[in-house]
Number of protein chains: 2
Amino acid sequence: MVCAKPDTRQRLIDTAQELLWKKSYGSVSVDDICKAANVNKGSFYHFFPSKAELAIASMEMTYQETKTTYDQIFSASKQPITRFEDLADYICERQAEIARKYSQVCGCPASSLSCEMAGQEQGIREKYDEIIRRKESYYESALRDMAAEGLIPDGTDIKSVAHEISTFILGQLMLARIQNDIAALQRDLKPGLFRILGLKGGAPQK
Amino acid sequence: MVCAKPDTRQRLIDTAQELLWKKSYGSVSVDDICKAANVNKGSFYHFFPSKAELAIASMEMTYQETKTTYDQIFSASKQPITRFEDLADYICERQAEIARKYSQVCGCPASSLSCEMAGQEQGIREKYDEIIRRKESYYESALRDMAAEGLIPDGTDIKSVAHEISTFILGQLMLARIQNDIAALQRDLKPGLFRILGLKGGAPQK
DNA sequence: ACGCCTCTTTACTGATCGGTCAAGTAATTT
DNA sequence: AAATTACTTGACCGATCAGTAAAGAGGCGT
């Protein structure tokens, strides 16, 4: 079949990622995805056993894209504090870019999807846990480097702090999506992160 | 019609609240709600012009229930710090109670719903903004009392801190829902709140 | 040239979706 | 007692839902 229609599977994943990010699992149909990806329904079910499985595949792809960036941001050659600073900048820039592209602040696709499907699609929950565990391992490693440099107190519970960081970011992204506004994100993300790290923890000034 | 079927409207709201909390807007149909509330579809559309309007009504009712509790928790007769402490306890207890009742951690119904419908149902977004503004006004008032007692630095941006508090709580509740686990909530909510307030802001110890 | 395998195409299923409609019932107003 | 009002009832609408079936097209190893 040469390559008249290459990457059908990938086109489905890309399209699903975009539509699910903009809207929601419940309000995007398999037909919507097929139409937007220019794929027939039969082909869809050749590649994916169900709509939920495509959603899971799109979560994985989104993570893989993020991973590439995270490997840069959390490069061990950088100061650990700089890594978190760069993370905050990246998140803000990325959200701004997506908001421009899709005319809407979209937040974290995996979190929105998992929240919607909580208690309904076990597979989505499992994929989410996997992704958040992998992300937290970046934070943990940076935190350990901070501890080694004496930047955070000895005996700090690294895993617990890493988890607080991901929870904090989740909250910021969720609210940005709901309010369709990244102003609060841009204002609060970096200082909030720093306060969790125990650095210049003062409350915001007028 | 005497009262063979009283409170049809209220039964619809109560049922919608429960089903939307447990599942999601997209996976709960008008028929589901009608069946569970033992109401005919025609009656549904006598009281509500659309599914979305019922969802909005259920958001408002949930807030009204919360408001009663908030008025106790944020009683001006209490120490402001105690108010936040009681808030954290209340949230944990409430989530535990709901999780028991529905066999699932449910998080914040308004936030989950608003996240799902972001950019699709303007009315839901507006109701969410209204609710979060009202909640933040409780935090602001307590923060002002703290400032008056010199518990937080002069010149602190009260509104910004109040917003950080609600964002923080949102993140904790979202993750609790997604992971169907309130352990992290019980562990992190109070210390996180205190750190935002600038009190014993140390990182968690092992 | 053959069959095999991967993928595409199209038509189709039965269920369910949000929402409408018109007739009916019963208390209240006039 | 008639008209009005508030609500109920259940059938009904066309559209859409996730998923299936079956036939075919094209490349590939033999």
Side-chain angles (χ1 to χ4, degrees), chain A residues 1-20 22-59 113 116-124 127, chain B residues 1-20 22-59 113-114 116-125 127:
Chain A
M1 43 131 244
V2 227
C3 55
K5 298 243 171 159
D7 299 326
T8 300
R9 193 187 130 93
Q10 192 57 46
R11 276 209 321 286
L12 284 169
I13 293 178
D14 291 341
T15 308
Q17 186 199 33
E18 171 174 347
L19 294 183
L20 291 176
K22 282 199 275 198
K23 305 183 72 183
S24 66
Y25 188 89
S27 55
V28 171
S29 71
V30 173
D31 284 314
D32 289 337
I33 297 167
C34 287
K35 207 162 291 179
N38 199 29
V39 167
N40 294 301
K41 209 160 184 182
S43 291
F44 179 104
Y45 285 98
H46 172 74
F47 290 106
F48 300 98
S50 68
K51 183 184 174 187
E53 283 301 321
L54 171 64
I56 292 170
S58 93
M59 289 171 77
L113 183 58
E116 178 180 353
M117 304 310 286
Q120 296 184 77
E121 283 287 344
Q122 188 63 16
I124 289 178
K127 177 54 79 175
Chain B
M1 45 131 244
V2 227
C3 56
K5 298 242 172 161
D7 298 327
T8 300
R9 192 187 131 93
Q10 192 56 46
R11 274 208 325 283
L12 283 169
I13 293 177
D14 291 341
T15 308
Q17 186 200 33
E18 171 173 347
L19 294 183
L20 290 175
K22 282 198 275 197
K23 305 181 73 181
S24 66
Y25 188 88
S27 54
V28 171
S29 71
V30 174
D31 285 314
D32 290 338
I33 297 168
C34 287
K35 207 162 291 179
N38 199 30
V39 167
N40 293 301
K41 210 161 183 181
S43 292
F44 180 105
Y45 284 99
H46 172 74
F47 290 106
F48 300 98
S50 68
K51 183 185 174 186
E53 283 301 320
L54 171 64
I56 291 170
S58 94
M59 288 171 79
L113 183 58
S114 303
E116 179 180 351
M117 303 311 286
Q120 298 185 75
E121 283 287 343
Q122 188 64 16
I124 289 178
R125 226 267 302 283
K127 176 54 80 176

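Numbers restart at 1 for each chain; the letters A, B, ... are given by sequence-line order, proteins then strands.
For the side chain to side chain contact (heavy atoms under 4.5 Å, CB included) criterion with B:S114, the lone passing option out of B:M59, B:E121, B:K127 is B:M59.
For the pair A:I56/A:F48, no side-chain contact is recorded, criterion being any heavy-atom separation below 4.5 Å from C-beta on. Side-chain contact between A:F44 and A:L54 is present, with heavy atoms from C-beta onward closer than 4.5 Å.
Side-chain N/O atoms of A:T8 include none lying less than 4.0 angstrom from OP1 or OP2 on C:dC7. Look at A:S43 and you won't find any side-chain N or O under 4.0 angstrom from OP1 or OP2 of C:dT9. Side-chain N/O atoms of B:N40 include none lying less than 4.0 angstrom from OP1 or OP2 on D:dT8.
Remark: C1' of D:dT8 and CZ of B:F48 are 16 Å apart, rounded to the nearest angstrom. Between the CG atom of A:L54 and the P atom of D:dG19 there is a distance of 11 Å, given to the nearest Å. A straight line from NE2 of B:H46 to P of C:dC21 spans 16 Å, rounded to a whole angstrom. Rounded to whole Å, the distance from CZ on A:R9 to C1' on C:dT6 is 14 Å. When the P atom of C:dT8 is taken as reference, atom CG of A:D7 falls 10 Å away, rounded to whole Å. Here D:dC17 presents its C1' atom at 12 Å from NZ of A:K35, a figure rounded to the nearest Å. Residue A:N38 contributes atom CG, which lies 18 Å from atom P of C:dC7 at whole-angstrom precision.
With sequence neighbours excluded, no residue forms a side-chain hydrogen bond (donor to acceptor under 3.5 Å, both in side chains) with B:K23. With sequence neighbours left out, A:E18 forms a side-chain hydrogen bond (donor to acceptor under 3.5 Å, both in side chains) with A:K22. A:K51 is linked by a side-chain hydrogen bond (donor to acceptor under 3.5 Å, both in side chains) to nothing, counting only residues two or more places apart in sequence or in another chain. Under the rule for a side-chain hydrogen bond (donor to acceptor under 3.5 Å, both in side chains), the partners of A:Q10 that lie at least two apart in sequence or sit in another chain are A:D14.
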Counting only pairs under 3.5 Å, give me each side-chain donor-acceptor contact of residues 25-34 of chain A, with atom names and distances, residues two or more places apart or in other chains.
residue : atom : partner : partner atom : Å
A:Y25   : OH   : A:A52   : N            : 3.1
A:S27   : OG   : A:S24   : N            : 3.4
A:S27   : OG   : A:S24   : OG           : 2.7
A:S27   : OG   : B:Q120  : OE1          : 2.9
A:S27   : OG   : B:Q120  : NE2          : 3.1
A:S29   : OG   : A:D31   : N            : 3.4
A:S29   : OG   : A:D32   : N            : 3.0
A:S29   : OG   : A:D32   : OD1          : 3.4
A:S29   : OG   : A:D32   : OD2          : 3.2
A:D31   : OD1  : A:K41   : NZ           : 3.2
A:D31   : OD2  : A:K41   : NZ           : 3.3
A:D32   : OD2  : A:S29   : N            : 3.0

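Across the helix from C:dG3-D:dC28 to C:dT30-D:dA1, the helix axis at one end is tilted relative to the axis at the other end by 20° (nearest 10 degrees, each axis from five pairs).
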Are there any protein N/O atoms within less than 3.5 Å of an N/O atom in nucleotides 16-19 of chain C, and if so, which ones and at what distance?
residue : atom : partner : partner atom : Å
C:dC17  : OP1  : B:S29   : OG           : 3.1
C:dC17  : OP2  : B:S29   : OG           : 3.4
C:dG18  : OP1  : B:K51   : NZ           : 2.8
C:dG18  : OP2  : B:V30   : N            : 2.9
C:dG18  : N7   : B:K41   : NZ           : 2.9
C:dG19  : OP2  : B:Y45   : OH           : 3.0
C:dG19  : OP2  : B:K51   : N            : 3.1
C:dG19  : N7   : B:K41   : NZ           : 3.1
C:dG19  : O6   : B:K41   : NZ           : 3.0

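Considering every non-hydrogen atom in both A:S58 and A:I13, the closest pair reads CA-CG2, 3.9 Å.
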